[in-house]
Amino acid sequence: MKYVAIVDDDYRLRELIRQELIDEGVEPIVCPNGQALLDLLNQRSVDLILLDLMMPTMDGMTCLKCLQDRSNLVPVLVVTAFNEDSKRAEAKALGACEFILKPDLFELIPELLKRYL
């Protein structure tokens, strides 16, 4: 079984992504912010991370920096509503494999899962 962490503070969106991943045959694990993801990774491994940028407690960029400090080898796909070139460049510099706009995510999920799992 492949495990995908969904890191987003929006409960409704997390649930929509969670259901889509289940439909694709992978096991989703939900985290409401970056700190919850780091806590999760201290206890278990995941195969892919879908990471929002704007969240309380720990945002996505801070989380990416922490993952980079840990020498994270798990692919991280930034999923955000903000289409800013500066954010895209910063996320890529911090190790994100992809920078995906939220409206495009659902049509891309099957392709992304094939590519990164």
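FYI, the numbering just counts along the sequence from 1. Only a predicted model underlies this, so the values are computations on that prediction, with no experimental measurement involved.
- Note: Leu112 CG to Glu24 CD = 10.5 Å, rounded to the nearest 0.5 Å.
- With contacts defined as side-chain heavy-atom distances shorter than 4.5 Å, the pair Met58/Leu38 qualifies.
- Under the 4.5 Å side-chain criterion, counting only non-hydrogen atoms from C-beta, Cys63 is not in contact with Met55.
- Residue Tyr116 is grouped with residue Leu50 when hydrophobic side chains (ILVMFWY) are merged at heavy-atom distances under 4.5 angstrom, including chains of intermediate members.
- Heavy atoms only, all atoms of each residue included: Ala5 and Leu37 are closest at CB-CD1, 3.8 Å.
- Closest approach of Arg14 and Asp8 over heavy atoms only: NH1-O, 2.7 Å.
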Donor-acceptor pairs under 3.5 Å, side chain of residues 84-94 to any protein atom, not counting sequence neighbours: which ones?
unit_1	atom_1	unit_2	atom_2	d
Arg88	NH1	Phe99	O	3.4
Arg88	NH2	Asn83	OD1	3.2
Lys92	NZ	Cys97	O	3.2

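- Hydrophobic clustering (side-chain heavy atoms under 4.5 Å, transitive across Ile, Leu, Val, Met, Phe, Trp, Tyr) groups Tyr3 together with Val7.
- Residues that satisfy the side chain to side chain contact (heavy atoms under 4.5 Å, CB included) test with Leu16, not counting sequence neighbours, are Phe106.
- Nearest heavy atoms, Ile6 versus Pro28: CD1-CB, 3.8 Å.
- Residue Leu117 holds its CG atom at 5.0 Å from CG of Leu113, rounded to the nearest 0.5 Å.
- If you chain together hydrophobic residues whose side chains sit under 4.5 Å apart, Leu77 and Leu64 never meet in one group.
- Ion pairing of Arg18 with Glu15 is present here, as a side-chain N (NZ or NE/NH1/NH2) and a carboxylate O approach within less than 4.0 Å.
- Contact check for Glu20 versus Leu105: no side-chain heavy atoms found under the 4.5 Å cut-off.
- Side-chain contact of Gln43 with Asp39: a donor-acceptor pair under 3.5 Å is absent, judged by distance alone.
- Residues Leu67 and Ile49 are in side-chain contact: their nearest non-hydrogen atoms beyond the backbone lie under 4.5 Å apart.
- For residues 47-73, the set of pairs meeting the salt bridge (charged side-chain N to carboxylate O under 4.0 Å, His left out) definition, not counting sequence neighbours, comprises Asp52-Lys102.
- Once rounded to the nearest 0.5 Å, the distance linking CZ of Phe82 with CG of Leu101 reads 11.0 Å.
- Contact between Leu51 and Gly60 at its shortest, heavy atoms only, is CD2-O, 3.5 Å.
- Within a 6.0 Å sphere centred on CZ of Arg12, other residues, nucleotides and ligands contribute 12 heavy atoms or fewer.
- Atoms CG and OG, on Leu40 and Ser45 in that order, are 9.0 Å from each other to the nearest 0.5 Å.
- A continuous path of hydrophobic side-chain contacts links Leu53 to Val76 [ILVMFWY only; heavy atoms under 4.5 Å].
- Put simply, the side chain of Val79 does not reach to within 4.5 Å of the side chain of Leu13, judged on heavy atoms.
- Atom-to-atom distance recorded for Arg115:CZ and Leu48:CG is 11.0 Å, nearest 0.5 angstrom.
- Cluster membership for Val78 and Val74, using ILVMFWY side-chain heavy atoms within less than 4.5 angstrom, is shared.
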